[in-house]
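The model shown is predicted, which means the values in this text are computed figures rather than measured ones.
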Amino acid sequence: MAEALHVVRHPTGFYSAGATTVFASRYDQRLSYCLYVPSAHDPGGEPLPLAVLQHGTGRRGPQYRDAFAGWAEKHGCLLLAPLFPAGIGDDPDDLHNFKFVRYGDLRFDLALLAMVEEVGARFNVRTGRFLLYGFSGGGQFAHRFAYLHPDRLRGLSIGAPGRITYIDPERPWWIGLRGFEERFGRAARVAELRGVPVQMVVGGADVETWEINNPGGSNWMDGADAYGLTRVERLAALRDNFEAHGIGVRFDVVPGVGHEPLHVLDPVKDFLASVLSGPRG
């Protein structure tokens with residue numbers, strides 16, 4: 001009887017291929033990320049495109065990564081799923097600070113860009129422009145990130161955010177852009193967003209309001225409900241706002257789906273694939 005063959009693997013290489021372990025960010029070790037490195041990755045070959053999957057309040061980054069793994073293999077795209085933990089800073093119960101990009105001295109947009117560069121240093125991947133998808137709180141972060149860094153985005157998918165920042169210089173941050181430059185050191189780069197493919201996606205039954213209409217909460221400000229009470233209404237208003245400023249939007253409503261992150265992914269995958277098949281950013 002033939003002896004079984006044993007493949008000798010190096011542990012660093014094993015946990016850095018396919019669905020990886022979780023790595024601490026070198027930029028800020030309170031933050032971390034995991035990856036999916038598809039079999040198409042070749043250190044000496046063509047660099048792969050990169051897609052960032054930004055979690056929401058539930059911090060489901062590894063679940064998003066796993067849900068996109070087959071898509072990543074099909075399209076030869078490396079996936080980055082950041083983790084911005086709850087409770088950073090003085091409030092152990094805080095769930096929301098990353099959604100608004102800046103929390104005290106911590107800039108989550110810069111933390112994400114640092115993660116992208118870390119991944120680019122370890123893997124053969126294009127980091128100049130990348131795909132960005134976020135759902136719920138991740139959708140909040142994603143569209144606010146886009147106001148700051150449209151030059152880094154190859155495509156942007158905004159999923160079911162409950163709180164919107166509209167392109168409106170008269171309304172205060174974070175429901176509008178008044179005070180944006182003072183907060184972030186630069187004006188919102190709205191004109192550059194016109195060159196970024198944008199999708200907005202939401203479940204057609206995503207109409208519960210208990211989480212997004214909470215006056216007095218740390219993630220509330222008066223006027224947050226000015227353009228609708230539900231996520232569907234608010235996202236439609238953001239679409240109209242974008243289009244009024246010359247930013248084209250693909251708008252997908254998934255019938256019969258509520259606020260269920262893993263049930264809206266088919267149109268997201270289709271959109272991201274369409275961006276990859278277009279001109280390379």
Spell out, as yes or no, whether a donor-acceptor pair under 3.5 Å connects the side chain of [X] to the backbone of [Y].
| X | Y | answer |
| --- | --- | --- |
| N213 | L229 | yes |
| S277 | S274 | yes |
| R144 | K99 | yes |
| D94 | N97 | yes |
| T127 | V116 | no |
| R26 | E118 | no |
| D168 | G176 | no |
| T230 | E233 | yes |
| R186 | L148 | yes |

Do T57 and H96 have side-chain N/O donor and acceptor atoms under 3.5 Å apart? no
Residues N124 and D42: side-chain donor-acceptor under 3.5 angstrom: no
Side chain to side chain contact (heavy atoms under 4.5 Å, CB included) between M200 and L238, intermediate numbers included: CA-CA 9 Å; M200 298 181 187; L238 184 65; 3.7 Å; yes
For [X] versus [Y], what's the shortest heavy-atom pair and its separation?
| X | Y | result |
| --- | --- | --- |
| R171 | Y227 | CD-OH, 3.9 Å |
| G139 | I158 | O-CG2, 3.6 Å |
| A81 | G61 | CB-O, 3.6 Å |
| A24 | S32 | CA-CB, 4.1 Å |
| P267 | D252 | CB-CG, 3.9 Å |
| S136 | R231 | OG-NH2, 4.2 Å |

In terms of side-chain geometry, is the basic nitrogen of [X] or [Y] positioned less than 4.0 Å from the acidic oxygen of its partner?
| X | Y | result |
| --- | --- | --- |
| R250 | D270 | yes |
| R60 | E260 | no |
| R126 | E46 | yes |
| E211 | R163 | no |

Are [X] and [Y] grouped together when hydrophobic residues (ILVMFWY) are joined by side-chain heavy atoms under 4.5 angstrom apart?
| X | Y | answer |
| --- | --- | --- |
| L53 | L262 | yes |
| F141 | Y103 | yes |
| L83 | L80 | no |
| V101 | W220 | no |
| L235 | I212 | no |

Looking at [atom1] of [X] and [atom2] of [Y], how far apart are the two atoms once the value is rounded to the nearest 0.5 Å?
| X | Y | atom1 | atom2 | answer |
| --- | --- | --- | --- | --- |
| L50 | M115 | CG | CE | 12.5 Å |
| Y147 | F184 | OH | CZ | 11.5 Å |
| L153 | L131 | CG | CG | 9.0 Å |
| T165 | I175 | OG1 | CD1 | 8.5 Å |
| W173 | L177 | CH2 | CG | 7.0 Å |
| F180 | E182 | CZ | CD | 10.5 Å |

Just to verify, which of E192, R129, R194 counts as forming a side chain to side chain contact (heavy atoms under 4.5 Å, CB included) with P150? E192
I'd like to know whether F242 forms a ring pair (Phe, Tyr, Trp, His ring centres under 6.0 Å) with H143, so could you lay out the CA-CA distance, the side-chain angles of the two residues, the decisive distance to 0.1 Å, and finally the verdict. CA-CA 11 Å; F242 269 40; H143 79 286; 7.2 Å; no
Test side chain to side chain donor-acceptor pair (under 3.5 Å) on N214 and N219 and set out the steps. CA-CA 8 Å; N214 60 332; N219 59 341; 3.0 Å; yes
Below 4.5 Å, heavy atoms only, C-beta onward: do L78 and P38 meet side chain to side chain? yes
Looking at F23, does the NZ or CZ of R122 lie under 6.0 angstrom from its six-membered ring centre and within 45 degrees of the ring axis? yes
Ring-face cation contact, F251 with R239, 6.0 Å cut, 45° max: yes
Could you give me the CA-CA distance, side-chain angles and deciding distance for V52 and Y133, then say whether side chain to side chain contact (heavy atoms under 4.5 Å, CB included) is met? CA-CA 6 Å; V52 175; Y133 168 63; over 6 Å; no
Evaluate L106 against R30 for side chain to side chain contact (heavy atoms under 4.5 Å, CB included), listing each step before the verdict. CA-CA 11 Å; L106 178 53; R30 295 172 296 179; 3.8 Å; yes
Trace of the side chain to side chain donor-acceptor pair (under 3.5 Å) decision for Q54 with Y64: CA-CA 8 Å; Q54 181 57 54; Y64 292 151; over 6 Å; no
Students often mix this up, so state it plainly: with edges at 30° and 60°, are the rings of F98 and F84 parallel, tilted or perpendicular? tilted
With under 30° as parallel and over 60° as perpendicular, where do the rings of W174 and F100 fit, or are they tilted in between? tilted
Go through the steps to decide whether E117 and R152 satisfy the test salt bridge (Lys or Arg N to Asp or Glu O under 4.0 Å), and finish with yes or no. CA-CA 12 Å; E117 297 311 311; R152 300 300 303 272; 3.0 Å; yes
Verdict with supporting geometry, L35 and V119, side chain to side chain contact (heavy atoms under 4.5 Å, CB included): CA-CA 9 Å; L35 307 166; V119 172; 3.7 Å; yes
